[in-house]
Amino acid sequence: MTVYDLHCHSTASDGRLAPAEVVARAVEQGVDVLALTDHDTVIGLKEAQDAAKSTELRLITGIEFSSQWGKRGIHIVGLNVDVDSLVLKEAVLSQFEARQRRSEMIAQRLAKLGIERALEGAKAIAAGAVLGRPHFAQYLVDQGRVKNINEAFKKYLGAGKPGDVKNIWPELSEVVGWIRSAGGVAVLAHPSKYKMTRTKLCALVSDFSECGGQAMEVSSGLMPPGVSASLARIAQDYELHASCGSDFHFPGHKWQELGQFSPMPSTCRPVWELF
Ligand code: MN
Ligand code: MN
Ligand code: MN
């Protein structure tokens with residue numbers, strides 16, 4: 001059976017393995033088809049493609065965009081996108097600028113709490129990668145403000161905390177439009193992570209589908225058992241294809257390893273039918 005992992009990260013965003021290392025690890029873990037989906041960038045894809053050439057692994061181009069639906073942050077994965085498309089290049093640039101604005105705001109808010117130089121610190125940790133909250137979290141750990149990354153999110157960066165900057169991302173429909181214009185498949189990422197009621201989630205899926213979204217992840221790392229079946233039913237109700245991926249960021253995480261997630265229910269129409 002072909003193993004698909006269509007969601008993972010490298011050092012191009014907030015992952016800890018270089019793109020080539022992600023590919024090598026995916027091969028070790030028995031993955032046959034991998035999509036590298038770094039946050040708001042496709043910069044790691046070239047290295048991953050080169051690394052995949054000497055292996056049996058098939059690499060799919062990918063990206064994970066941050067978007068906004070009402071007041072909520074929603075992640076949309078674009079699979080099989082044309083990385084040379086002008087729309088995608090402009091999208092990546094505009095997300096970079098949004099992240100820049102957000103990072104400055106996070107740093108200002110942390111400064112008000114007496115935490116200085118957070119922007120410089122987070123940038124040094126990111127080392128040229130797409131800047132995200134995990135880099136700020138690491139800075140807070142390094143400064144001895146918190147014990148670990150989890151605590152950094154709980155106290156400073158997570159939902160409702162000072163680092164939770166609102167209204168920074170483009171509308172869900174705009175992001176879906178970018179992906180479709182770049183020839184890709186738009187996938188609603190990790191739906192169970194948003195902690196919505198089923199009614200709310202169905203409203204999201206309905207809007208997503210109406211603006212051109214084609215698939216949703218029904219199996220993902222960190223997903224409690226039993227959730228896949230319920231998500232598969234929603235996918236079916238809204239005539240969406242189903243995707244699966246580990247959302248791998250670094251080795252050693254108990255529930256997020258390449259190729260590791262519950263199997264997709266057999267009733268699903270797999271997203272790779274659309275590639
Ligand atoms: Mn991430
Ligand atoms: Mn995500
Ligand atoms: Mn992700």
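By convention here, the first residue in the shown sequence is residue 1. Counting convention: from 1, in listed order, for ligands and their atoms alike.
Restricting Asp14 to its N/O/S atoms, the shortest distance to the Mn ion (ligand 1) is reached by OD2. The atom of Asp247 that is an N, O or S and sits closest to the Mn ion (ligand 3) is OD1. As for His9, its N/O/S atom nearest the Mn ion (ligand 3) is the one called NE2.
One finds an angle of 120° at the Mn ion (ligand 1) between NE2 on His249 and NE2 on His39, to the nearest 10 degrees. Between OE1 of Glu64 and NE2 of His7, the angle at the Mn ion (ligand 3) works out to 90°, rounded to 10 degrees.
Exactly one residue among Gln138, His249, His135, Arg133 makes a side-chain hydrogen bond (donor to acceptor under 3.5 Å, both in side chains) with Asp14. That residue is His249.
Asp50 has a carboxylate O that lies under 4.0 Å from a charged side-chain N of Lys53, or vice versa, which qualifies the two as a salt bridge. Salt bridge status for Arg99 with Asp40: present, with a side-chain N to carboxylate O gap under 4.0 Å. A salt bridge links Arg25 with Glu257; the closest basic N to acidic carboxylate O contact falls under 4.0 Å.
For the Mn ion (ligand 3), the N/O/S atoms of Cys8 include none lying under 2.8 Å. Checking His190 against the Mn ion (ligand 2), an N/O/S atom falls under the 2.8 Å cut-off. Note on His75: not counted as a metal contact of the Mn ion (ligand 3), no N/O/S atom lying under 2.8 Å.
Counting heavy-atom neighbours within 6.0 Å of Glu97 CD, excluding the residue itself, gives a total above 12.
Between Pro19 and Ser10 the shortest heavy-atom distance is CG-OG, 3.6 Å.
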